[in-house]
Amino acid sequence: MNLVVLGAGWLGGALIEKAQQQQWLVQGTSRHQENLNEVIRQFALQEDKLIHSVDLKDAYWVCAIPPRARHADSNYLETLSAALRLSDKLACKGFLLCSSTGVYSEQDGTYTESGELDSETTRKKILLEAEQRVLDAKGKVLRLAGLVGPNREPGQFVAGKTLKSSSQATVNMVHQADVVAAIETVILNWEKANAVYNVCHPNHPARQDYYQQRCAKLGTQPPSFASDTASTRVIDGSAIEALGFSYQAEI
């Protein structure tokens, strides 16, 4: 199996490692020359010109560029379009975009893959446009919930903070290991897989309970919240289980 991973960061790096363990032939990408080696290849837009050293043919492509790179002033959409064109030239077998469950409405409710979408903010507009470009290219989309895992311990990144959300809002999270396994599952079942899947752990505790527990584990100070309004917005990540996938890692 051949695999190209756009963005060899926190998620992409874990995917590359897992693929190498499976004896897949892998190329990851970085914009920065100092990160380059036999596996990590250059892929960068410089003044609208694509500079790259990706040359793996007949590969599945996964775009794992993180959401924080998707601000309006980034060239995220242009980079994605350049990747789609290059993947086409290299006889790509399938293109998978790691998107976000942030595309759904912020209203209470349970959101499946056909849930109401929201284009209220610039970030959401960019996410939805990215999804559309990939789907138009006959690719597939994984909408990822909040990511946790190595070096992303919730008890660390919320410690002592005042969060804008309600203490009684539900948590929608997923572990890095489950995301990597979900990506692998979709690739291995490409022909029968749906075009869009949510990837979100089935447990949805209230934020206060969840963060208190995670902070207690690390001995850090729990966060405070802007309100205590009851709020139930749940992302349903069960559809992908039809491909034989199951959530294994605790959030």
Side-chain angles (χ1 to χ4, degrees), residues 5-12 29-32 43-51 61-87 95-148 152 154 157-158 161-166 169-174 176 179 183 195-200 207 223 225-227 229 231-237:
V5 181
L6 288 165
W10 183 79
L11 178 59
T29 74
S30 173
R31 288 178 299 170
H32 308 293
F43 189 95
L45 274 189
Q46 295 175 1
E47 295 171 1
D48 296 335
K49 186 168 187 275
L50 179 62
I51 312 294
W61 284 54
V62 175
C63 180
I65 299 171
R68 66 175 175 273
R70 298 178 188 181
H71 301 303
D73 58 354
S74 83
N75 57 4
Y76 175 73
L77 289 172
E78 294 78 5
T79 301
L80 180 62
S81 289
L84 286 165
R85 288 192 296 271
L86 179 61
S87 71
F95 195 106
L96 182 63
L97 174 69
C98 293
S99 183
S100 165
T101 55
V103 298
Y104 293 115
S105 166
E106 298 301 322
Q107 301 302 311
D108 282 10
T110 298
Y111 292 87
T112 64
E113 289 76 1
S114 57
E116 185 190 342
L117 302 175
D118 180 359
S119 57
E120 287 297 303
T121 66
T122 302
R123 180 177 181 270
K124 287 173 182 278
K125 283 189 179 84
I126 291 171
L127 286 169
L128 288 168
E129 175 63 25
E131 288 192 4
Q132 198 54 55
R133 291 186 191 188
V134 170
L135 294 171
D136 287 347
K138 306 221 171 0
K140 300 186 190 295
V141 172
L142 291 185
R143 292 176 178 154
L144 310 181
L147 295 165
V148 298
R152 282 209 187 176
F157 60 70
V158 301
K161 291 183 178 173
T162 301
L163 303 181
K164 291 177 184 174
S165 55
S166 165
T170 45
V171 159
N172 293 287
M173 296 283 199
V174 67
Q176 180 196 65
V179 176
I183 292 168
V196 180
Y197 286 108
N198 294 336
V199 186
C200 183
R207 291 188 179 193
F225 296 86
S227 77
T229 312
S231 169
T232 311
R233 177 180 177 270
V234 168
I235 306 296
D236 181 348

Mark yes or no for whether [X], through its side chain, and [Y], through its backbone, hold a donor-acceptor pair below 3.5 Å.
| X | Y | answer |
| --- | --- | --- |
| Arg143 | Glu113 | yes |
| Arg233 | Ser105 | yes |
| Lys140 | Leu96 | no |

For [X] and [Y], work out which heavy atoms get closest and say how close.
| X | Y | result |
| --- | --- | --- |
| Val174 | Cys200 | CB-CA, 4.1 Å |
| Asn172 | Ile235 | OD1-N, 2.8 Å |
| Cys98 | Leu144 | CB-CD1, 4.0 Å |
| Val158 | Pro223 | O-CB, 3.4 Å |
| Ser100 | Arg123 | OG-NH2, 4.0 Å |
| Trp61 | Ala83 | CZ3-O, 3.8 Å |

Check your understanding: Just checking, any donor-acceptor pair under 3.5 angstrom between side chains of Asp108 and Ser231?
Key -> yes
Review point. Does a donor on one side chain and an acceptor on the other come within less than 3.5 Å for Tyr104 and Asn198?
Key: yes
Would a 4.5 Å heavy-atom cut-off, applied to side chains only, mark [X] and [Y] as touching?
| X | Y | value |
| --- | --- | --- |
| Phe95 | Leu6 | yes |
| Tyr111 | Thr101 | no |
| Glu131 | Leu97 | yes |
| Val196 | Leu135 | yes |

Rounded to the nearest 0.5 Å, what separates atom [atom1] in [X] from atom [atom2] in [Y]?
| X | Y | atom1 | atom2 | answer |
| --- | --- | --- | --- | --- |
| Leu80 | Ser87 | CG | OG | 9.0 Å |
| Ser165 | Leu163 | OG | CG | 5.0 Å |
| Leu84 | Thr79 | CG | OG1 | 11.0 Å |
| Thr29 | Ile65 | OG1 | CD1 | 6.0 Å |

Review point. Who pairs with Lys124 by salt bridge (Lys or Arg N to Asp or Glu O under 4.0 Å), at least two apart in sequence or on another chain?
Key: Glu106, Asp118
Point to revise | Pairing of Arg133 and Glu129 as salt bridge, 4.0 angstrom limit | key: yes
